[in-house]
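Presented below is the structure to which this report refers.
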Amino acid sequence: PIPTNLAKLDYMSRYACQRASPLVCPNQALVRELDIIRRSRDLEGEARSALSYERAVSIIKAYPHEIRSLKQVEKLPFIGVKITGLIEEFLDTGKITEAQTINASERFQTLSLFSSIYGIGPSTAIRLYNLGLRSLNDLEVYYGVEPEDVALQSQIVEVEEKPRKPAWQRGQHKGDEGLGDSWTRVALGLREDLAKKISRAEVEEMGRVVMRELEELEPGCVSTIVGGYRRGKAESNDVDIVFTHPDPSKVKGLCKRLVRKLHERGMVTHVMHLSNFHAHNALRTHHWDSLEKALTVFIMPPSSPFHTGVRRRLDLIFAVPDVYWTAVIGWTGSIMFQRDIRQWAKDKHGMKFDSSGITRRYDSKEFFPKTEKEVFDLLGLEWVEPKWRNA
Ligand code: DCP
Ligand code: MG
């Protein structure tokens with residue numbers, strides 16, 4: 001299926017938000033090899049190099065034909081000398097030696113395993129590796145995990161006082177948020193559950209269950225399930241939902257109330273982060289007061305046919321109606337797609353775009369698009385279906 005406005009999108013564009021990026025592309029095997037190198041650079045803390053690979057992977061994902069010769073890629077942006085060499089090797093041999101060597105290395109495998117634990121980012125993973133730890137069992141011993149650790153933390157933690165920039169704006173890896181050792185113990189206990197993928201049917205059921213609770217609390221809310229699910233992924237690692245209410249005054253405090261209710265009902269077992277709307281916004285460069293977020297662990301209630309006892313990561317994002325669609329776009333991703341919307345907005349329109357709103361830089365004028373399409377129109381971008389945002 002080709003997007004109807006494919007002709008207006010441009011796979012050569014330097015901005016991912018102008019390219020049509022499918023979930024699975026005609027050069028998926030090449031993408032898989034390059035992505036191993038990208039992940040390795042990321043795990044080793046080589047952010048610049050990781051970003052180069054990420055951009056190369058992203059441009060290849062949008063390339064609409066099978067690549068058979070180097071001629072096809074030489075004019076693509078982000079394909080430099082190094083990556084051209086790797087593609088050449090792949091065309092000749094069907095593999096990339098560097099990727100295979102990395103993938104076979106104990107270091108890469110161990111760092112990947114460690115950073116799959118919620119809250120352990122690359123720098124912590126390297127520290128643990130340098131201590132000689134190699135397995136999850138090693139980690140459990142190191143952190144002193146007791147079987148009751150998970151249960152002990154099954155209570156709502158205190159609301160964070162200070163607003164935190166999202167991880168991707170702090171130039172950090174999501175999850176590398178220094179949650180502390182007690183959280184790492186919990187995360188180790190949850191790891192097996194959180195490593196299990198979530199089917200689309202279960203994602204939808206989670207959405208229904210949460211909406212039912214919310215409707216009791218505050219009738220008339222609307223929501224969109226975002227993240228990889230909205231981009232068409234068959235299986236998700238977590239569930240992300242953006243909410244609003246037509247009456248902006250009803251939104252304030254709702255996130256916290258919903259989390260408390262879900263917790264009382266036994267559906268939310270952990271809360272990693274809970275943020276309020278924040279009024280203290282000295283610089284007014286961020287719309288910090290327009291979003292409320294809760295990063296939680298959810299368990300399906302026994303009344304649901306999807307009740308399995310497997311715990312799931314669930315992110316709840318509450319937006320006032322003015323910024324609902326920017327929140328939906330930001331949280332739909334992909335990370336690269338929304339990073340390039342931000343870059344595009346800045347380069348071409350002098351505007352600041354993120355999940356929490358759109359502001360023109362020179363006069364701080366804020367824009368309040370009424371639909372998702374209006375966001376694209378406002379930024380002078382062609383519409384891209386969510387399933388083509390897998391940049
Ligand atoms: N996001 C972002 N930058 C990040 C993390 C997230 O822009 N560093 C946005 C884009 C993501 C969305 O939030 O698509 C949801 O993030 P997830 O980590 O949940 O990723 P996905 O939903 O895309 O995939 P999955 O949950 O299946 O792993
Ligand atoms: Mg997700």
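First listed ligand is number 1; within each ligand, the first listed atom is number 1. Positions are given from 1, in the same order as the sequence printed here.
Taking a 4.0 Å cut-off on heavy atoms, Gly330 registers as neighbouring ligand 1.
Close approach to Thr332 involves these atoms of ligand 1, each under 4.0 Å from a residue heavy atom: 14 (O). Short contacts between ligand 1 and Gln338, defined as distances under 4.0 Å to a heavy atom of the residue, involve ligand atoms 2 (C), 7 (O). Short contacts between ligand 1 and Gly227, defined as distances under 4.0 Å to a heavy atom of the residue, involve ligand atoms 22 (O).
For Arg191 and Tyr118, the positive end is not near the middle of the six-membered ring at less than 6.0 Å and at most 45° from its axis. Annotation: cation-pi pair Arg360/Phe367 absent, no NZ/CZ under 6.0 Å from the ring centroid and within 45° of its normal.
Of the listed residues (Gly228, Ala234, Ser334), the one carrying the non-hydrogen atom nearest atom 21 (P) of ligand 1 is Gly228. Closest to atom 23 (O) of ligand 1 by heavy atom, among Arg313, Lys233, Arg231, Arg342, is Arg231.
Summarising the local packing, NZ of Lys346 is surrounded by 12 or fewer heavy atoms from other residues, nucleotides or ligands at distances under 6.0 Å.
The atom of Asp240 that is an N, O or S and sits closest to the Mg ion (ligand 2) is OD2. Residue Asp238 approaches the Mg ion (ligand 2) most closely through its N/O/S atom OD1.
Listed by first then second residue, pairs satisfying salt bridge (Lys or Arg N to Asp or Glu O under 4.0 Å) with a partner in residues 367-381 read Arg230-Glu372, Glu372-Arg389, Lys373-Asp377, not counting sequence neighbours.
Looking at Ser236 next to ligand 1, no N or O pair under 3.5 Å apart turns up.
Residue contacts with ligand 1, taken as heavy atom pairs separated by less than 4.0 Å, involve Asp240 solely via side-chain atoms from C-beta onward.
Looking only at side-chain heavy atoms (C-beta outward), Glu66 and Asn27 come within less than 4.5 Å of each other.
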* To do: Mind running salt bridge (Lys or Arg N to Asp or Glu O under 4.0 Å) on Glu54 and Arg41 for me, showing each step along the way?
  => CA-CA 10 Å; Glu54 199 179 346; Arg41 298 294 193 266; over 6 Å; no
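Inspection of the Arg19 and Ser58 side chains reveals an N or O donor paired with an N or O acceptor under 3.5 Å.
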